[in-house]
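Each ligand, and each atom within it, is numbered from 1 in the order the structure gives. All values below were derived from every heavy atom in this structure, side-chain atoms included, with hydrogens, water molecules and symmetry-related copies excluded.
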Amino acid sequence: MVFLATAVSDARLEKSDDPSSKIHEEDVTSTTVYGSHWAAQDIPRFDMPSDEMPPKVAYKLIKDELALDGNPVLNLASFVTTYMEEEVEKLMAENMSKNFIDYEEYPMTCEIQNRCVSMIARLFNAPMDNPTQESLGCSTIGSSEAIILACLAMKRRWQLKRKEEGKDASQPNLVMGANVQVCWEKAVRYLEIEPRYVYCTEDCYVMTPEEAVELVDENTIGVAAILGSTYTGHYEDVKTLNDLLEKKNQELGLNVPIHVDAASGGFVAPFVKPELEWDFRLPLVASINASGHKYGLCYAGIGWCIWRSPEFLPKDLIFNINYLGADQASFTLNFSKGAAHVIAQYYILIRLGKKGFRSIMANLTRTADHLAEALVDTGYFKILSEGNGFGLPLVAFKLNSKRHYDEFDIAAKLRERGWIIPAYTMAPNAQSVKLCRVVIREDFSRSRCELLIKDLMAAVHHLDKLDHETIKLQRPSAKQHWNKLRNIARVTFHRTNHAGEHEPSGNQLPDKTAGVC
Ligand SMILES: *Cc1c(COP(=O)(O)O)cnc(C)c1O
């Protein structure tokens with residue numbers, strides 16, 4: 001954007017003890033921001049400044065600071081949407097001032113949320129009594145909030161049943177794979193639920209249904225299955241889990257439900273693999289979350305939680321806001337939030353329709369397959385993700401033999417070109433496996449893919465030429481870089497290893513960047 005001469009004067013030339021004199025009528029002169037005193041002094045960092053500054057100066061100073069951020073388009077670490085059409089951006093800007101929770105004032109926004117819930121529930125094959133039935137679910141800030149709410153519902157439902165049976169309800173546990181996204185660890189810690197992990201191995205990176213069901217007992221509030229592992233994009237086998245769990249429930253007289261974490265896969269699988277049974281078609285699936293801001297194709301700030309039927313969402317967790325009648329139920333962790341993202345999701349759903357989603361997701365899957373093939377053809381890499389639409393459209397890869405550099409060195413080299421690709425180690429107990437991951441998003445077209453392949457090969461050829469000592473010398477800066485990324489992402493999580501000890505992952509940098517998603 002061209003910055004026109006702004007309304008600021010060379011106020012630093014004015015010698016006056018009166019602070020208010022810094023901004024003068026003469027501010028209306030012809031210099032640019034960079035000729036003003038604001039450009040000659042550091043930007044306020046700690047104390048709120050005592051004086052105002054003109055809006056154009058504030059805008060330009062902050063915009064310039066943000067130039068040091070990475071380029072979202074080249075950020076292949078993240079599942080989160082970086083492209084939306086102009087029309088929806090306009091719609092979002094027009095609705096930026098609405099508070100979503102003000103149902104009474106903004107009844108149409110609320111109605112739009114309910115329409116999204118109904119559409120997404122039907123996409124996930126929720127059982128319906130009639131075609132106009134409203135579904136049970138809510139918008140959230142993202143899958144993390146949705147997952148915390150779903151855990152809360154599972155825990156409360158289990159507690160009520162235990163109390164009804166006169167049994168102890170103080171030791172709830174939740175079964176999941178060690179490849180879960182960090183929000184699951186948050187959920188169980190915040191809600192005081194014992195996590196029971198199915199650990200990964202050197203050649204299996206997901207939860208196997210057999211092992212999961214093995215861990216289930218009378219204190220299990222639910223089993224979490226992931227449709228699209230953050231690490232490798234694999235879809236966990238929800239169908240087999242459902243069948244085995246049905247048997248176990250029968251044997252032990254339990255009714256343990258399944259929650260599917262479809263943060264990434266919820267808007268992919270229905271279009272790319274419609275025949276895959278992972279959703280409410282399976283009788284034990286009680287709730288599903290999906291991130292509207294991942295393959296739901298909205299900007300960051302929207303997620304969804306859908307329940308199969310009211311029996312899975314205990315009434316005492318729901319707060320009824322009776323402005324618009326009994327239907328206006330509220331189940332969220334926060335009160336106020338922006339309405340624009342909910343409206344944006346509705347735009348995406350009706351603008352693209354199933355056909356539009358199918359075209360986009362098919363393209364992404366094709367691009368992922370092409371990238372995987374090209375990487376194998378280089379002779380350097382081995383692919384760890386699943387192709388042909390059997391997993392998320394991403395490519396997880398590692399070097400196919402031991403070399404004097406590793407996946408972290410490659411990621412650091414690519415960063416010099418602007419590409420942001422995470423290198424990380426696999427989930428517990430497969431941490432010896434190092435890998436890189438490229439997430440294929442809507443705006444990652446085939447031509448951008450070709451550029452990446454070229455730069456990736458330039459990176460390995462460069463590293464091939466360096467000796468081990470030189471690479472080692474360069475590493476501390478790479479490590480600092482990853483440290484910084486982690487700090488920015490505020491990823492401070494602990495994993496419980498198989499011995500049951502907590503390991504602060506911060507000690508192992510740069511090995512853990514899997515939180516970058
Ligand atoms: C991204 C992700 C989450 C967290 O979702 P947010 O929408 O970022 O809160 C949870 N689970 C899985 C599998 C994910 O990929």
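- Interface of Cys183 with ligand 1, defined as ligand atoms under 4.0 Å from a residue heavy atom, comprises 10 (C).
- Listed by atom number, the atoms of ligand 1 under 4.0 Å from Ser291 heavy atoms are 5 (O), 6 (P), 7 (O).
- Inclusion of Ser144 in the set of residues having an N or O under 3.5 Å from an N or O of ligand 1 is warranted.
- Atom numbering of ligand 1 starts at 1 in the shown order; those under 4.0 Å from a heavy atom of His293 are 6 (P), 7 (O), 8 (O).
- Note: Tyr197 OH to Leu215 CG = 12.0 Å, rounded to the nearest 0.5 Å.
- Selection from Val80, Asn179, Asp261 by nearest heavy atom to atom 13 (C) of ligand 1 gives Asp261.
- If you look at Phe397 and Phe381, their ring centroids are closer than 6.0 Å.
- For ligand 1, the atoms closer than 4.0 angstrom to any heavy atom of Thr230 are 12 (C), 13 (C), 14 (C), 15 (O).
- For the pair Lys434 and Tyr424, the cation-pi test (distance below 6.0 Å, angle within 45°) is failed.
- Using 4.0 Å as the threshold, Lys294 has a heavy atom nearer than that to some atom of ligand 1.
- Within the 4.5 Å cutoff, side-chain heavy atoms of Cys116 are placed close to those of Trp304.
- Within ligand 1, the atoms closer than 4.0 Å to a non-hydrogen atom of Ser264 are 15 (O), numbered from 1 in the order shown.
- Using a 4.0 Å cut-off between a side-chain N of Lys or Arg and a carboxylate O of Asp or Glu, Lys239 and Asp243 qualify as a salt bridge.
- Close approach of ligand 1 to Gly142 is summarised as follows: ligand atoms under 4.0 Å from at least one heavy atom of the residue are 7 (O), 9 (O).
- Within ligand 1, the atoms closer than 4.0 Å to a non-hydrogen atom of Ile226 are 13 (C), numbered from 1 in the order shown.
- Not less than 6.0 angstrom separates the ring centroid of Tyr205 from the ring centroid of Tyr231.
- Ring pair Trp184/His259: centre-to-centre distance below 6.0 Å.
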